[in-house]
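Okay, so here's the structure we're looking at.
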Amino acid sequence: MKKGIQYIIGKKERGVPITAVTAYDYPTALILDEAEIDIILVGDSVGTNYLGYKSERDVTLWDMAHHTKAVSRAAKTAFVIADLPYGRADGAADALWCAKILAEAGADCVKIEGWDEKANIIKALSGNGISVCAHIGYNPQIHNKPQVFGKDDNQAAALINSAEALCTAGAGLIVLEMVPKELAGKISKSITAPTIGIGSGNLCDGQVLVINDLLGLSTKTFKHARAFARLKETMYEAFKDYADAVKSREFPGDENAWI
Ligand code: KIV
């Protein structure tokens, strides 16, 4: 059965950690769905991880719709969240138009980067029946380089206020990126919406990882991530083995030929 926002909130209420992974294509989403991952995030990280763009800011609405369609065709149970791309959550009318395109592409929810300045946009979307996930702390679309937010009292208070304001505006979920662990725990306790952490410690209601980092496909390593597989090496070996087998005429064998 398809997981909805109530299912995700129910996990928070029962104290059961929520699992989320990014994905951008059909075969990966099929496996995530089979593995019973709760949330598949079609993040704008598709740009740097999949499309060879220099920045998340280069990702278009049409890129997001294309990849959301592929993922949602596979997600029979997982809740699918799609990012509103850079510059498309600045005005309520445009954000609503874009959110409807992503919903038509199969997204169950759209994610918006930004702190309490996005409350009016989130209110407009949720008022029009669009489920919204907020994203505070480090925002790759907005901040120029990765950094921890909330280390001093002023920033910590701004994050707590933002989380509360965005929930009041109608956000059903909140991603906390690069927020100190104890602060992330405090925010998670202070709001009813589930928090999904990345680089924010294990006191959030759930965790999200970028698929390339999880599978060991990334060219960079990040403190917040763990490679649960070494796919880069596995793929390289497979490609080399295939090439060797073709060059030596060992592949295709007679068993592969339509005789
Ligand atoms: O685009 C993305 O992958 C994200 C995650 C880092 C949360 O927004």
Side-chain angles (χ1 to χ4, degrees), residues 8 17-25 28-29 32 37-61 63-68 70-71 75 78-89 98-99 102 105 107-115 118 122 132-149 159 162-163 166 171-179 184 187-188 193-201 204-215 217-227:
I8 310 285
I18 299 153
T19 53
V21 181
T22 73
Y24 323 108
D25 65 76
T28 307
L32 287 169
I37 294 295
D38 295 318
I39 298 173
I40 302 180
L41 169 62
V42 189
D44 61 1
S45 51
V46 66
T48 49
N49 284 290
Y50 232 72
L51 299 175
Y53 293 167
K54 284 217 159 46
S55 155
E56 288 84 0
R57 294 185 188 178
D58 298 329
V59 175
T60 68
L61 178 66
D63 290 329
M64 290 307 305
H66 178 74
H67 290 278
T68 301
V71 165
F79 186 70
V80 175
I81 304 180
D83 261 333
L84 272 194
Y86 174 65
R88 304 314 292 263
C98 294
L102 295 180
D108 299 308
C109 177
V110 297
K111 180 162 76 61
I112 292 182
E113 286 191 18
W115 300 23
K118 296 293 179 196
I122 292 183
V132 186
C133 173
H135 181 162
I136 62 173
Y138 169 57
N139 290 136
Q141 288 181 8
I142 298 167
H143 304 117
N144 286 329
K145 61 176 175 49
Q147 56 185 299
V148 178
F149 283 92
L159 279 169
S162 289
L166 297 175
L173 293 157
I174 301 198
V175 168
L176 300 180
E177 182 160 0
M178 293 184 77
V179 172
I187 294 172
S188 304
T195 59
I196 309 294
I198 177 158
S200 299
C204 296
D205 302 309
Q207 297 294 325
V208 61
L209 269 188
V210 169
I211 190 93
N212 294 42
D213 300 338
L214 185 158
L215 293 177
L217 277 172
S218 302
T219 45
K220 294 183 198 159
T221 50
F222 301 100
K223 182 177 163 64
H224 68 261
R226 183 188 297 171

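Source: prediction; values computed, not measured. Each ligand, and each atom within it, is numbered from 1 in the order the structure gives.
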For the pair Tyr24 and His67, name the ring-plane relationship: parallel under 30°, tilted 30 to 60°, perpendicular over 60°.
perpendicular
With nothing but distance in play, are any N or O atoms of Asp44 less than 3.5 Å from an N or O of ligand 1?
yes
Atom CZ of Arg57: over 12 foreign heavy atoms under 6.0 Å:
yes
Between the candidates Lys111, Met178, Glu56, which shows the shortest non-hydrogen contact distance to atom 8 (O) of ligand 1?
Lys111
For Ile198, atoms of ligand 1 separated by under 4.0 Å from a heavy atom:
6 (C)
Note: ligand 1 atoms sitting under 4.0 Å from heavy atoms of Thr22 are 3 (O)
Does any N/O atom on Asp83 come nearer than 3.5 Å to any N/O atom on ligand 1?
yes
Please answer whether the main-chain N or O of Met178 pairs with a side-chain N or O of Ser200 as donor and acceptor at a distance below 3.5 Å.
yes
For the residue pair Asn212 / Ser218, report whether a side-chain donor-acceptor contact shorter than 3.5 Å exists.
no
Heavy atom to atom 3 (O) of ligand 1, shortest distance: which of Pro85, Ser45, Gly43 holds it?
Ser45
Report the nearest protein non-hydrogen atom to atom 4 (C) of ligand 1: residue, atom name, distance rounded to 0.1 Å.
Leu41 CD2, 3.7 Å
Below 4.5 Å, heavy atoms only, C-beta onward: do Asn139 and Trp115 meet side chain to side chain?
yes
Donor + acceptor pair across side chains of Asp58, Ser55 (<3.5 Å)
no
